[in-house]
Structures are given as structure tokens and as C-alpha cells.
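Down below is the structure, laid out as C-alpha cells.
Quick note: residue numbers are just sequence positions, from 1. This is a predicted model, so every value here is computed, not measured.
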Amino acid sequence: MIVNYRTGETVVLTGDPLTRWLASLESSAAPAPIAIRASEVSWGTHESPARLEPSAGSSWLFRAAALVLLVITLAVRQFGRTRTRFGRLVRLAEAGRELPLPTSNHARQAVRSVRWAAQALPARIACLEESTAASLLLMLGGRGGAWRHGLATDPIRLHAWICDLHGQPIDEPVHTDQYTPINAPEFAGKKNR
């Protein structure tokens, strides 16, 4: 599966097209493919919740900031070329990737605040928008590099989430461990300050 992080286009390659694509990688400077975690065959019968329940426990200051950042995230998503919408949100979510990773408490406060704010807006707010706004909220607090985007198979699906300094998903359902992060930054040199 190839994910274009500029347009969001996702393509599944098998057989000869996959062989040709892998051969083209050997002669280019393209990043190496990422091995996806094996999953048991379900024939599409496993269910994953499409919506997470809102969480309590964030301060009003965080909630107010989350509301503003969620509105900014939605504006970035809407304004501009439709074809590059996904890429704009990815760049926004990864804006603070050079900052120290957040602790579990920092990340949890950000995620819960954004989920609270999402209830107040009459707009489509899925995992990509939610995790992007949470990433921005962490960046305002001097933390970053927590945004993850991953792929799971059978059926093929994508998901975005926030993790802590140990790489653990924050306030996510248990099935999030089925997703292989395909954008995760290297942890080398990242320290919790």
C-alpha cells in the first residue's frame, strides 16, 4: 500500500505492479517500505469503533485553546485545493516534531481537550482532524513529535492518533495496536526535557 502524504491518495499494489515499484526503489532515494504488522484473516468481519467517547478531565484553559486550534485545523482543511487537503493537515500535525515528546499527562490533557471541543462544533471531526488539533495544542505547550498515522489490514484502514514519549497511544481503544505507524519519526535524539 502506498500513501501519498501530499494528496492523501492511497494505492494498493500487488503482483507485477508491486514488483516493478519495489525494483524502482532500488535505483532511487525513496524511503524504504515499512513492514506492516501481520494480522489474522478476518474476511472483514472484525469491527472497530468509528467514534470514541468524549473524555472528561481537562482544564478550561486547555479546552478554550483546543477549541481555537480545532477551528484553525478545520479552516486549514477547508481552504485551499481539495486535492492537497490531506497534505496540509499532515504538515500542520507534524509542525512541532522537533520538540521534546510529551508525557502521558501532557498528551492526555491535549487529546481530552480536543475531544471536548469537537462536541461544540457542527463539523466532521474524525481522527485526522482531532489528532492534528491535539498535536498543535501540544506544540503550544512546548511538546511535539506525538502525531502518528498508521495502517491496519483486513480490512485495510488508516487511523491517526497521539502518543506519549514511550510511543503509547493516548486515550485510544485497544485495537489501535493493530495499526502500524507509517509516519513515525525516529526516536533517536528525542528526549523528554
### Task
Using atom types as modelled and distance alone, determine if a side-chain donor or acceptor of T84 lies under 3.5 Å from a backbone N or O of G87.
no

### R112 vs R63 side-chain heavy atoms within contact, under 4.5 Å
no

### Summary
In this structure, OG1 of T132 is separated from CZ of R91 (nearest 0.5 Å) by 11.5 Å

### Task
Anything under 30° is parallel, anything over 60° is perpendicular, the rest tilted; go ahead and classify W60 against W116.
perpendicular

### For G142 against P100, the heavy-atom pair lying closest together
O-CD, 3.6 Å

### From NE2 (H149) to CG (L158), nearest 0.5 Å
4.5 Å

#### Entry: Sole residue of R148, R157, E172 in side-chain hydrogen bond (donor to acceptor under 3.5 Å, both in side chains) with Y179
R157

### Query
With no hydrogens and no angle check, do the side chains of S104 and R108 hold a donor and an acceptor under 3.5 Å apart?
no

### Query
At their closest point, which heavy atom of I170 faces which heavy atom of R115, and how far apart are they?
O-NH2, 4.5 Å

#### Entry: Check: R77 and T73 side chains under 4.5 Å, non-hydrogen atoms
no

### Query
Would you say L92 and L136 make side-chain contact, with heavy atoms under 4.5 Å?
yes

### Message
Just so I know, are the side chains of N183 and W147 near enough to count as touching, which here means a heavy-atom distance under 4.5 Å?
### Response
yes

#### Entry: Distance-minimising heavy-atom pair for L137 and A66
CD2-CB, 4.0 Å

### Query
Can you tell me how far the SG atom of C163 sits from the CG atom of L101, to the nearest 0.5 Å?
7.0 Å

#### Entry: Interatomic spacing from NE2 in H159 to NE2 in H175 - rounded to 0.5 Å
6.0 Å

#### Entry: All side chain to side chain contact (heavy atoms under 4.5 Å, CB included) counterparts of R83, not counting sequence neighbours
T7, R81

### Query
Shortest non-hydrogen contact from S131 to I162?
O-CD1, 3.4 Å

### Summary
Distance col, row L74:CG vs F79:CZ, nearest 0.5 angstrom, shows 10.0 Å

### Query
Can you name the nearest heavy-atom pair linking A152 to Q178, along with the distance?
CB-O, 3.6 Å

### From NE2 (H166) to OG1 (T103), nearest 0.5 Å
8.5 Å

### Message
How close do H106 and L138 get, counting heavy atoms only, and between which atoms?
### Response
O-CD2, 3.6 Å

### Task
May I ask you to test the S135-E94 pair for a side-chain heavy-atom distance under 4.5 Å?
no

### Task
Only counting residues at least two apart or in another chain, list the ones meeting side chain to side chain contact (heavy atoms under 4.5 Å, CB included) with A118.
L70, I125

